[in-house]
Amino acid sequence: MDGLLIDSEPLWQQAGTDMLQQFGVSLTDEQYHLTTGLRTPEWVDYWFTHFTIDKQKAVEMARLVEQTALHKIKQYGVAMPGVEYIMQFFKQHNFKIGLASSSPMQLIEAVVEKLNIQHYLNAITSAELLPFGKPHPQVFLNCATLLNVPPTTCICFEDSFNGMIAAKAARMKCVVVPAPHVHHESRWDAADYKLSSLLQFNQSLLEKL
């Protein structure tokens, strides 16, 4: 969802950066993108460990990041190119459509409403309360269960490396749409297809999958 359907990754990055600056540390863009796709508590734990920050306030800080990101996304978030196109494409091909995200359900619901895509979705799952988030495949497996389809018949669209690993671990086909500044990296080779935009997906690629 974040970075694939809505241009929210810069807003998440800003929320996380603002929080870490309270502890006198900051992330490079390269560092931030290393942990894209993780749930917020895991993101906070990772960087608190990296910078040797006392974890006494970790839970409070994770909540702060999520609330800040939610506010920013509601105010500034915009749809990524091709959202309406890809939803219509699969609806016209009689596919069931699910949304599986590491984000809290409150934020997922806000994004779905903001993008006005409720009528396309047959299932929504969040990794918020699961034992493990991405790159663990559970959030995708849960979505397939709600859709009442085998994971092996699913096509997952992802923008994060952790999400791609989760999709492949779920034995789903995976189409990645990485951010432009990391699009060239070889780590995306595990995906079935790598696109620059959702608008590039078409009938020919569907048939090849």
Side-chain angles (χ1 to χ4, degrees), residues 1-16 18-19 32 35-45 58-91 95-149 151 154-160 162-164 166-167 170 172 174-177 179 198:
M1 183 183 73
D2 293 292
L4 182 79
L5 300 182
I6 190 164
D7 189 13
S8 55
E9 280 302 336
L11 304 178
W12 274 106
Q13 184 173 2
Q14 188 178 357
D18 290 348
M19 182 276 292
Y32 176 80
T35 48
T36 301
L38 295 183
R39 295 180 296 185
T40 310
E42 292 161 342
W43 186 93
V44 170
D45 182 76
V59 173
E60 178 186 345
M61 292 301 102
R63 192 176 301 116
L64 173 64
V65 171
E66 289 179 347
Q67 289 303 312
T68 302
L70 176 61
H71 174 74
K72 290 179 180 295
I73 290 168
K74 282 183 174 180
Q75 192 169 3
Y76 304 113
V78 295
M80 297 293 284
V83 172
E84 189 72 19
Y85 163 78
I86 203 71
M87 294 288 178
Q88 289 185 358
F89 178 91
F90 281 103
K91 204 72 172 180
F95 273 69
K96 296 178 181 179
I97 302 175
L99 175 56
S101 175
S102 294
S103 291
M105 188 59 77
Q106 182 185 14
L107 194 144
I108 296 174
E109 291 171 350
V111 170
V112 167
E113 182 179 352
K114 189 174 184 69
L115 299 181
N116 193 28
I117 56 174
Q118 302 96 321
H119 55 291
Y120 290 115
L121 301 175
N122 302 105
I124 297 176
T125 56
S126 167
E128 179 183 13
L129 301 178
L130 296 178
F132 302 100
K134 301 174 187 178
H136 194 284
Q138 192 63 57
V139 69
F140 288 136
L141 296 173
N142 288 357
C143 198
T145 297
L146 283 180
L147 293 171
N148 196 30
V149 295
C154 295
I155 305 170
C156 178
F157 285 78
E158 261 291 347
D159 70 296
S160 76
N162 288 310
M164 177 188 72
M172 297 178 176
C174 185
V175 179
V176 291
V177 188
L198 290 171

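Excluded from the calculations below are hydrogen atoms, water molecules and symmetry mates; all remaining heavy atoms, backbone and side chain alike, are included.
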Kindly indicate whether the side chain of [X], heavy atoms from C-beta on, has any atom under 4.5 Å from the side chain of [Y].
{"X": "L4", "Y": "L198", "value": "yes"}
{"X": "V111", "Y": "E109", "value": "no"}
{"X": "I97", "Y": "I117", "value": "no"}
{"X": "W12", "Y": "V65", "value": "yes"}
{"X": "E66", "Y": "P41", "value": "yes"}
{"X": "F140", "Y": "C154", "value": "no"}

Using modelled atom types and a 3.5 Å cut-off, is there a donor and acceptor pairing between side-chain atoms of [X] and backbone atoms of [Y]?
{"X": "S8", "Y": "L11", "answer": "no"}
{"X": "N122", "Y": "G98", "answer": "no"}
{"X": "T125", "Y": "V139", "answer": "yes"}

Looking at [X] and [Y], what are the two nearest heavy atoms and their distance?
{"X": "A110", "Y": "L70", "answer": "CB-CD1, 3.9 Å"}
{"X": "A62", "Y": "V44", "answer": "CA-CG2, 3.8 Å"}
{"X": "S101", "Y": "I108", "answer": "CB-CD1, 3.7 Å"}
{"X": "P151", "Y": "A170", "answer": "CB-O, 3.2 Å"}
{"X": "N162", "Y": "T36", "answer": "ND2-O, 2.9 Å"}
{"X": "P135", "Y": "L38", "answer": "CD-CD2, 4.3 Å"}

Practice item. Decide whether D2 and S103 meet the rule of one side-chain donor and one side-chain acceptor closer than 3.5 Å. Key: yes
Practice item. Sorted by first residue and then second, give each salt bridge (Lys or Arg N to Asp or Glu O under 4.0 Å) pair with at least one member in residues 119-148; sequence neighbours left out. Key: K134-E158
Check your understanding: Can N116 and Q118 be said to form a side chain to side chain contact (heavy atoms under 4.5 Å, CB included), step by step?
Key -> CA-CA 6 Å; N116 193 28; Q118 302 96 321; 3.2 Å; yes
Which distance, rounded to the nearest 0.5 Å, do you find between the [atom1] of [X] and the [atom2] of [Y]?
{"X": "T35", "Y": "W43", "atom1": "OG1", "atom2": "CH2", "result": "6.5 Å"}
{"X": "Q138", "Y": "T145", "atom1": "CD", "atom2": "OG1", "result": "7.5 Å"}
{"X": "M87", "Y": "L5", "atom1": "CE", "atom2": "CG", "result": "5.0 Å"}
{"X": "R39", "Y": "S126", "atom1": "CZ", "atom2": "OG", "result": "8.5 Å"}
{"X": "I73", "Y": "K114", "atom1": "CD1", "atom2": "NZ", "result": "9.5 Å"}
{"X": "I124", "Y": "M105", "atom1": "CD1", "atom2": "CE", "result": "6.5 Å"}

**Study point:** side chain to side chain contact (heavy atoms under 4.5 Å, CB included) assessment of H136 paired with L130
**Key:** CA-CA 10 Å; H136 194 284; L130 296 178; over 6 Å; no
Practice item. Output, in order, the C-alpha distance, side-chain angles, deciding distance and verdict of side chain to side chain contact (heavy atoms under 4.5 Å, CB included) for Y120 and Q88. Key: CA-CA 8 Å; Y120 290 115; Q88 289 185 358; 3.2 Å; yes
**Study point:** Over 12 non-hydrogen atoms of neighbours within 6.0 angstrom of NZ in K74
**Key:** no
Review point. Do T68 and M19 pass the side chain to side chain contact (heavy atoms under 4.5 Å, CB included) test, and can you show the C-alpha distance, the side-chain angles, and the key distance before you say yes or no?
Key: CA-CA 9 Å; T68 302; M19 182 276 292; over 6 Å; no
